[in-house]
Amino acid sequence: MSANQKSEPRALTERGAATRSRIVNAAADLMYEHGMEGTSLDEVMAASGVSKSQLYHYFTDKDALVLAVIALQAERVLDAQRPHLEALDSLPAIRAWRDAIVRLNKVADYRGCPLGSLASELANDSEDARKRLAAGFAIWRERIQRGLKKMRERGELAASADPHELALALLAAVEGGLLLAKTTHSSRPLEIALDMAVEHVAKHVTTP
């Protein structure tokens, strides 16, 4: 069975969609706190207030639920940055986004990236999960890349600059920085990684 068949919701009533959403949100919160392996379906049922028959009505197994959690966490990560990602088309805007990432990590008490945490746990063990995670990161990278493309189109970024590679460097700095910040319980690794990545972008900027 494909990843889409296992995790994509069938046509649901409004009430059914709300129940499914409640299950996925509860599972996402638990897995962020305790990891996928540390979260049981019984705990998901208790947190979401559904029965076993209800849970299996929407998800064939835990793997299917995990795929839905990945999709939700990707959406949450992007939503948290949305105002900055939508305006990410200048060096000051990139620096503002950098500050927002640092601030969001502090608010989350250095618990790391919800998507990155799932990747660390799942990418080597489930091909379906790896593909879903890669798709989430690709969307994130594309949102960053979109602003860099606008800068190059306006002549504010050197024609030789590759928006794809610059966006990938910024995203890698975020993920690596968040991992070390989680491990050290300090924002400094994230700040340093992002500052270096932003400075790399700044070297390609052609206007003050």
Side-chain angles (χ1 to χ4, degrees), residues 3-4 67 70-108 110-124 126-208:
N4 285 340
L67 292 177
I70 292 170
L72 175 62
Q73 292 292 40
E75 184 179 317
R76 285 177 171 181
V77 166
L78 291 172
D79 281 347
Q81 303 169 62
R82 189 174 304 281
H84 295 281
L85 288 174
E86 290 178 349
L88 203 68
D89 62 352
S90 69
L91 192 57
I94 292 171
R95 288 181 171 137
W97 169 73
R98 172 265 189 213
D99 293 344
I101 293 290
V102 171
R103 186 168 58 252
L104 286 167
N105 188 48
K106 289 179 179 177
V107 170
Y110 308 102
R111 289 191 296 163
C113 173
L115 205 57
S117 296
L118 287 168
S120 296
E121 190 172 7
L122 299 168
N124 289 335
S126 167
E127 184 63 9
D128 284 345
R130 186 196 67 76
K131 289 179 179 177
R132 184 64 61 89
L133 287 159
F137 283 120
I139 293 170
W140 191 353
R141 187 263 308 150
E142 193 278 331
R143 299 285 172 83
I144 300 170
Q145 181 178 331
R146 187 183 303 170
L148 294 167
K149 279 184 175 180
K150 290 179 181 177
M151 290 175 67
R152 193 173 67 173
E153 288 167 1
R154 293 198 304 259
E156 297 172 10
L157 204 62
S160 59
D162 186 331
H164 174 89
E165 291 193 357
L166 291 176
L168 197 57
L170 287 165
L171 180 54
V174 172
E175 285 302 310
L178 285 171
L179 177 60
L180 288 177
K182 178 180 180 179
T183 305
T184 62
H185 209 70
S186 166
S187 66
R188 283 304 293 152
L190 177 61
E191 292 168 1
I192 292 168
L194 277 171
D195 286 345
M196 292 182 71
V198 172
E199 180 59 28
H200 179 61
V201 174
K203 290 177 181 178
H204 296 277
V205 172
T206 58
T207 58

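Keep in mind that what you see is a predicted model, and the values were worked out from it rather than measured. Quick note: residue numbers are just sequence positions, from 1.
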K.L.:
Evaluate E156 against K150 for side-chain contact (heavy atoms from CB on, under 4.5 Å), listing each step before the verdict.
P.N.:
CA-CA 9 Å; E156 297 172 10; K150 290 179 181 177; over 6 Å; no
K.L.:
Main chain of P114, side chain of R76: is a donor-acceptor contact present, judged purely on distance under 3.5 Å?
P.N.:
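Not a single qualifying donor-acceptor pair exists.
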K.L.:
If we only count heavy atoms from C-beta on, is the S117 to Q73 side-chain gap below 4.5 Å?
P.N.:
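No - every pair of side-chain heavy atoms lies 4.5 Å or more apart.
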K.L.:
Find out whether L190 and L180 are in side-chain contact, i.e. whether some heavy atom of one side chain is under 4.5 Å from a heavy atom of the other.
P.N.:
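With C-beta onward as the side chain, the pair stays apart.
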K.L.:
Starting at OG of S90, measure out to CZ of R154 and round the result to the nearest 0.5 Å.
P.N.:
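Rounded to the nearest 0.5 Å, the OG-CZ separation comes to 7.0 Å.
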K.L.:
With rounding to the nearest 0.5 Å, note down the distance linking CZ in R141 to CD in E165.
P.N.:
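Answer rounded to 0.5 Å: 11.0 Å.
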K.L.:
Are S187 and Y110 close enough that some pair of their side-chain heavy atoms sits under 4.5 Å apart?
P.N.:
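Of all side-chain heavy-atom pairs linking Y110 with S187, at least one is under 4.5 Å.
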K.L.:
What's the shortest heavy-atom distance between L78 and W140, and which atoms?
P.N.:
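Nearest heavy atoms, L78 then W140: CD2-CA, 3.8 Å.
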K.L.:
Does D79 have more than 12 heavy atoms from other residues, nucleotides or ligands lying within 6.0 Å of its CG?
P.N.:
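Count over threshold, so yes.
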K.L.:
Return the minimal non-hydrogen interatomic distance between A197 and L170, and the atom names on each side.
P.N.:
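So the minimum-distance heavy-atom pair works out to CB-CD2, 3.8 Å.
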K.L.:
At their closest point, which heavy atom of A129 faces which heavy atom of L122, and how far apart are they?
P.N.:
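Answer, listing the atom of A129 first, then L122: CB-CB, 4.0 Å.
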K.L.:
Which word best sums up how the rings of H200 and H204 line up, parallel for under 30°, tilted for 30 to 60°, or perpendicular for over 60°?
P.N.:
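Answer is perpendicular, since the angle exceeds 60°.
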K.L.:
With no hydrogens and no angle check, is any side-chain donor or acceptor of Q81 less than 3.5 Å from a backbone partner on V77?
P.N.:
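Looks like yes, one N/O pair under 3.5 Å.
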K.L.:
How would you list, by chain and number, every residue that makes a salt bridge (charged side-chain N to carboxylate O under 4.0 Å, His left out) with E142, sequence neighbours excluded?
P.N.:
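Testing E142 for salt bridge (charged side-chain N to carboxylate O under 4.0 Å, His left out), a comparison that skips the adjacent residues, returns R146.
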K.L.:
Within this structure, what is the CG-CG distance for the pair L67 and L133, rounded to the nearest 0.5 Å?
P.N.:
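That separation rounds to 9.0 Å.
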K.L.:
Listed by chain and number, what are the ring-ring contact (aromatic ring centres under 6.0 Å, His included) partners of H164, not counting sequence neighbours?
P.N.:
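Result, ring-ring contact (aromatic ring centres under 6.0 Å, His included) vs H164: none returned.
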K.L.:
List the atom of F137, the atom of L171, and the distance in Å for their closest heavy-atom pair.
P.N.:
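Closest heavy-atom pair between F137 and L171: O-CD2, 3.6 Å.
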K.L.:
Could you walk me through whether R143 and L88 pass side-chain contact (heavy atoms from CB on, under 4.5 Å), step by step?
P.N.:
CA-CA 8 Å; R143 299 285 172 83; L88 203 68; over 6 Å; no
K.L.:
Compare every heavy atom of A193 with every heavy atom of G177, then report the nearest pair and how far apart it is.
P.N.:
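Answer, listing the atom of G177 first, then A193: CA-CB, 4.3 Å.
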K.L.:
For the backbone of A161 and the side chain of R152, can you confirm whether one donor and one acceptor N or O come within less than 3.5 Å of each other?
P.N.:
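Between the backbone of A161 and the side chain of R152 there is a qualifying donor-acceptor contact (under 3.5 Å).
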K.L.:
Measure the CD-CG distance between Q145 and D162 for me, rounded to the nearest 0.5 Å.
P.N.:
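That separation rounds to 7.5 Å.
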K.L.:
Answer whether the closest heavy-atom distance between the side chains of V205 and M151 falls below 4.5 Å.
P.N.:
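Counting from C-beta outward, V205 and M151 do come under 4.5 Å.
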K.L.:
For residues C113 and L178, report the shortest heavy-atom separation together with the two atoms involved.
P.N.:
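Taking every non-hydrogen atom into account, CB-CD1, 3.5 Å.
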K.L.:
With respect to I94, which candidate in D89, V201, D99 satisfies the side chain to side chain contact (heavy atoms under 4.5 Å, CB included) definition?
P.N.:
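With I94 as partner, D89, V201, D99 yield a single side chain to side chain contact (heavy atoms under 4.5 Å, CB included), made by V201.
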K.L.:
Under the criterion side-chain contact (heavy atoms from CB on, under 4.5 Å), I'd like the reasoning laid out for L166 against I144: C-alpha separation, chi angles, the key distance, then a yes or no.
P.N.:
CA-CA 9 Å; L166 291 176; I144 300 170; over 6 Å; no
